Amino acid sequence: MSGMRLRRAPLLTLLLTLGISTAEARVRLGEPLPQHPWTAAAQEVVVVYSHDCGDLGDLWSAVLAAGLPVRAVNAEGFPSPAPAGVQAWTGEAATTFARQLRVGTYPTVLLVQDGRIMNAWEGTFSGKLE
């Protein structure tokens, strides 16, 4: 089981410690999520992405390994698959959600606790979090 914890730690550590600097932040930490179609969990990860993000395999692997409920938001009107077992929210409402969050770059990963954004990470993902 300790091996699982080691796998889970990097993404959560990244989200909890790095976040986005206040000067660059567009997503506002501490704010509630805009209206969405899922039942909120006490703690969850929301991945907001678009069709032009490239290969998100490593990102999805890290997010799924975190052990939290994962919400996929496929914005900008071009369907792009989420991993097996994750239902992607698509369409105009998903794009509106991303814009209400003020997402600046796709993909954006949000750590959400009790419906509020605790931390955020934006940009490309190389598979290495150091």
Side-chain angles (χ1 to χ4, degrees):
M1 182 159 291
S2 63
M4 184 187 291
R5 288 184 187 180
L6 291 174
R7 282 188 8 203
R8 290 175 16 174
L11 177 69
L12 292 177
T13 301
L14 174 75
L15 290 170
L16 291 170
T17 60
L18 294 181
I20 331 174
S21 74
T22 315
E24 298 171 2
R26 296 180 73 189
V27 173
R28 294 186 183 173
L29 303 182
E31 286 197 355
L33 285 179
Q35 184 175 346
H36 52 76
W38 62 85
T39 302
Q43 195 171 46
E44 58 196 352
V45 176
V46 178
V47 179
V48 185
Y49 68 102
S50 71
H51 70 287
D52 61 357
C53 288
D55 182 2
L56 296 179
D58 288 338
L59 175 66
W60 285 121
S61 293
V63 167
L64 293 170
L68 296 172
V70 176
R71 316 306 183 187
V73 180
N74 180 197
E76 305 306 330
F78 294 94
S80 182
V86 176
Q87 178 70 36
W89 179 27
T90 62
E92 287 182 33
T95 299
T96 298
F97 176 88
R99 292 182 181 165
Q100 287 175 342
L101 283 171
R102 295 174 218 63
V103 168
T105 304
Y106 296 117
T108 291
V109 180
L110 306 174
L111 177 62
V112 178
Q113 186 169 336
D114 297 323
R116 295 195 174 274
I117 302 165
M118 301 309 295
N119 224 326
W121 175 84
E122 293 182 318
T124 56
F125 184 77
S126 66
K128 295 181 181 174
L129 299 175
E130 34 289 329

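These numbers were taken from a predicted model, which means no experiment stands behind them.
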Closest heavy-atom pair and its distance - [X], [Y]:
| X | Y | result |
| --- | --- | --- |
| Tyr49 | Ala82 | OH-N, 3.7 Å |
| Leu110 | Ala120 | CD2-CB, 3.6 Å |
| Glu122 | Val27 | OE2-CG2, 4.5 Å |
| Val48 | Val103 | CG1-CG2, 4.2 Å |
| Gly77 | Pro79 | O-CD, 3.7 Å |

Notebook entry, point to check: Hey, what's the ring geometry for His51 with Phe78, parallel, tilted or perpendicular (30° and 60° as the breaks)?
Noted result: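 Answer is tilted, since the angle falls between 30° and 60°.
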Next item on the list: Any chance you could lay out the side-chain contact (heavy atoms from CB on, under 4.5 Å) test for Leu64 and Val86, step after step, and finish with the verdict?
Entry: CA-CA 9 Å; Leu64 293 170; Val86 176; 3.8 Å; yes
Next item on the list: Sequence neighbours left out, what passes side-chain contact (heavy atoms from CB on, under 4.5 Å) with Pro69? Give chain and number order.
Entry: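 Scan of Pro69 (side-chain contact (heavy atoms from CB on, under 4.5 Å), adjacent residues dropped) gives Ala41, Glu44, Arg71.
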Checklist line | Derivation of the side-chain contact (heavy atoms from CB on, under 4.5 Å) call for Gln43 and Leu111 | finding: CA-CA 7 Å; Gln43 195 171 46; Leu111 177 62; 4.1 Å; yes
Margin query: Whether the side chain of Asn74 engages the backbone of Thr90 through a donor-acceptor N/O pair (distance < 3.5 Å, no angle test) should be reported.
Written below: no
Notebook entry, point to check: Is there a donor-acceptor contact under 3.5 Å from the side chain of Tyr106 to the main chain of Ala75?
Noted result: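 Checking the backbone N and O of Ala75 against the side chain of Tyr106, no donor-acceptor pair under 3.5 Å is found.
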Does any part of the side chain of [Y], heavy atoms only, come nearer than 4.5 Å to the side chain of [X], both counted from C-beta?
| X | Y | answer |
| --- | --- | --- |
| Thr108 | Val73 | no |
| Val46 | Trp89 | no |
| Leu101 | Leu33 | yes |

Margin query: Measuring from atom CD of Gln100 to atom NE2 of His36, what distance do you get when rounded to the nearest 0.5 angstrom?
Written below: 11.0 Å
Notebook entry, point to check: Got a sec, which residues hit salt bridge (charged side-chain N to carboxylate O under 4.0 Å, His left out) with Arg116, two or more places apart in sequence or on another chain?
Noted result: none
Next item on the list: Using a cut-off of 6.0 Å, state whether more than 12 heavy atoms not belonging to Gln87 lie near its atom CD.
Entry: no
